[in-house]
Number of protein chains: 4
Amino acid sequence: MPWELKTDRPIYTQLVEQIKLMVFSGAYPLGSRLPSVRDMAQEAAVNPNTMQRALAKLEEEGLIITHRTSGRSITEDARMVELAKTKLAQEQISELLEKMRLLGFDQEAILTLINDMVKEMKQ
Amino acid sequence: MPWELKTDRPIYTQLVEQIKLMVFSGAYPLGSRLPSVRDMAQEAAVNPNTMQRALAKLEEEGLIITHRTSGRSITEDARMVELAKTKLAQEQISELLEKMRLLGFDQEAILTLINDMVKEMKQ
Amino acid sequence: MPWELKTDRPIYTQLVEQIKLMVFSGAYPLGSRLPSVRDMAQEAAVNPNTMQRALAKLEEEGLIITHRTSGRSITEDARMVELAKTKLAQEQISELLEKMRLLGFDQEAILTLINDMVKEMKQ
Amino acid sequence: MPWELKTDRPIYTQLVEQIKLMVFSGAYPLGSRLPSVRDMAQEAAVNPNTMQRALAKLEEEGLIITHRTSGRSITEDARMVELAKTKLAQEQISELLEKMRLLGFDQEAILTLINDMVKEMKQ
DNA sequence: GTGGTCTAGACCACC
DNA sequence: GTGGTCTAGACCACA
């Protein structure tokens with residue numbers, strides 16, 4: 001559990017991403033119970049409110065279920081997880097495309113570059 | 001100038017990336033003289049040795065020229081800059097592809113996703 | 001016992017509603033004796049005169065019986081309770097219809113919406 | 001502008017509802033600029049963070065647009081407003097149905113009551 | 001103990 | 001000046 005936090009983006013969005021990655025990687029299996037907000041906050045060295053906000057966001061997306069008095073757990077719905085995974089991927093791609101745009105590449109140049117690199121990987 | 005530094009990768013590589021971005025974005029124009037190593041290190045709040053190493057790396061790539069007696073300056077060779085830009089782009093793409101692989105997408109799925117998103121941007 | 005009191009409506013009408021709900025929910029069983037006006041007023045943090053007025057209203061409706069010498073009690077007449085329940089329901093519905101009217105829905109639109117939602121609940 | 005706030009539900013949800021009502025009633029016309037978060041918070045006598053949360057929720061629903069440095073305004077998209085209106089109506093109806101259920105009415109009884117009352121209004 | 005909400009006060013980026 | 005985020009600390013309901 002790295003909990004790498006930069007200061008250039010809201011902390012809670014970074015928490016959201018990293019928790020997602022843990023779910024997708026199986027560090028938190030489907031249906032498993034999460035530590036308490038306070039514990040996770042301490043673990044990540046952030047304020048409990050900030051962790052709370054991240055978890056609320058994850059619940060909104062359907063990846064986490066809240067049991068009012070007895071903590072939270074990861075959803076057991078594999079489709080939900082699949083959906084969230086695709087969404088995260090799209091966000092990452094979107095970020096890349098934005099960076100490329102800033103570097104002055106147009107869409108054709110971007111696609112060419114990416115296609116070439118994927119082909120290289122195949123070899 | 002953000003100078004955002006995480007602790008999960010060598011600091012000097014992060015300095016390299018960020019200085020490149022400044023060059024590509026025009027913050028440091030072609031041919032312009034750079035501040036002293038000492039000043040840049042203080043600016044970024046890193047050890048001068050670390051900054052030194054980053055600048056050496058940049059010189060290796062041909063982006064920066066060292067004048068024995070009078071400090072360093074950005075290369076005037078536009079082709080050099082173009083080359084470095086492409087290399088940076090490739091690194092970014094490589095990072096993305098690695099992340100996608102970790103998420104469990106294979107090459108076809110990745111390409112499909114990216115192509116769809118670029119098409120969307122066109123609209 | 002929440003005793004939630006807003007300032008936008010006469011307090012005594014709000015007391016009336018809340019006491020009714022307690023009766024309907026069984027918090028005050030049929031035939032049971034009520035606390036003294038003074039005690040109930042203190043409980044709800046209102047002036048005894050206000051509580052008095054609420055109880056008088058409830059007696060008017062036949063939900064409460066006053067025994068000259070020995071305080072008040074809930075009626076034992078189940079029909080009375082049933083009647084009061086229906087009346088409360090009608091008031092709630094009336095409030096809703098008024099709100100919907102303010103939102104710009106006409107009667108047909110309102111009925112359609114409600115019917116659709118009840119059907120959904122059935123599923 | 002009443003700003004009636006009870007303590008039995010989260011304040012920010014009540015703020016959301018009341019601001020919606022102002023929009024639907026035309027108190028805040030489509031496209032008009034909203035007061036600053038701080039001003040609205042003072043107006044409603046709540047903490048700026050609480051008002052912030054309400055406004056964030058309204059932006060999520062598409063009813064409000066945020067201009068990073070120059071305040072917020074009501075959306076100009078009439079369809080958005082229509083959608084939000086229907087959603088609010090459904091919530092109100094849902095609340096009513098829940099109350100009726102607590103009073104012990106089943107679905108048929110509820111529908112009968114409502115239909116009768118709407119017919120009465122027509123006359 | 002759990003999650004949820006609210007307040008107060010601070011700081012930041014943007015323009 | 002604007003919105004946005006974060007922290008610290010408190011309180012509540014639930015069970």
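Reckoned from all heavy atoms, side chains included, excluding hydrogens, waters and symmetry mates. Throughout, a chain's letter reflects where its sequence line sits, starting with A, and its residues are numbered from 1.
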I want to verify a distance call: between [options], whose nearest atom is closest to the [X] side chain?
X: T69(D); options: dC15(E), dC6(E), dA8(F); result: dC15(E)
X: P10(D); options: dC6(E), dT2(F), dT7(F); result: dC6(E)
X: N49(D); options: dG9(E), dT5(E), dA8(F); result: dG9(E)
X: N47(A); options: dT7(F), dT5(E), dT2(F); result: dT7(F)
X: Q52(A); options: dC6(E), dT2(F), dG3(E); result: dG3(E)
X: T66(A); options: dT2(F), dG3(E), dT7(F); result: dG3(E)

Is there a side-chain polar atom (N or O) of [X] under 4.0 Å from OP1 or OP2 of [N]?
X: S36(A); N: dT2(E); result: yes
X: Y12(D); N: dC6(E); result: no
X: T50(A); N: dT7(F); result: yes

Going through the distances and angles, do K99(B) and E95(A) end up as a salt bridge (charged side-chain N to carboxylate O under 4.0 Å, His left out)?
-> CA-CA 13 Å; K99(B) 277 189 209 159; E95(A) 263 181 46; 5.5 Å; no
How long is the span from the CD1 atom in I110(D) to the CG atom in L96(D), to the nearest 0.5 Å?
->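 Those atoms lie 7.5 Å apart.
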Just the rounded figure in Å: distance from [atom2] of [N] to [atom1] of [X].
X: I11(D); N: dA8(E); atom1: CD1; atom2: P; answer: 11 Å
X: L34(D); N: dG3(F); atom1: CG; atom2: P; answer: 9 Å
X: R53(D); N: dC6(E); atom1: CZ; atom2: P; answer: 6 Å
X: H67(A); N: dA15(F); atom1: NE2; atom2: P; answer: 14 Å
X: Q42(D); N: dT7(E); atom1: CD; atom2: P; answer: 14 Å
X: R72(A); N: dG3(E); atom1: CZ; atom2: P; answer: 6 Å

Any strand: nucleotide that pairs with dC14(E) via Watson-Crick or wobble, under 3.5 Å |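 Looking at the geometry, dC14(E) pairs with dG1(F).
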Side-chain donor or acceptor of R38(A) under 3.5 Å from a matching atom on the base of dG3(E)?
-> yes
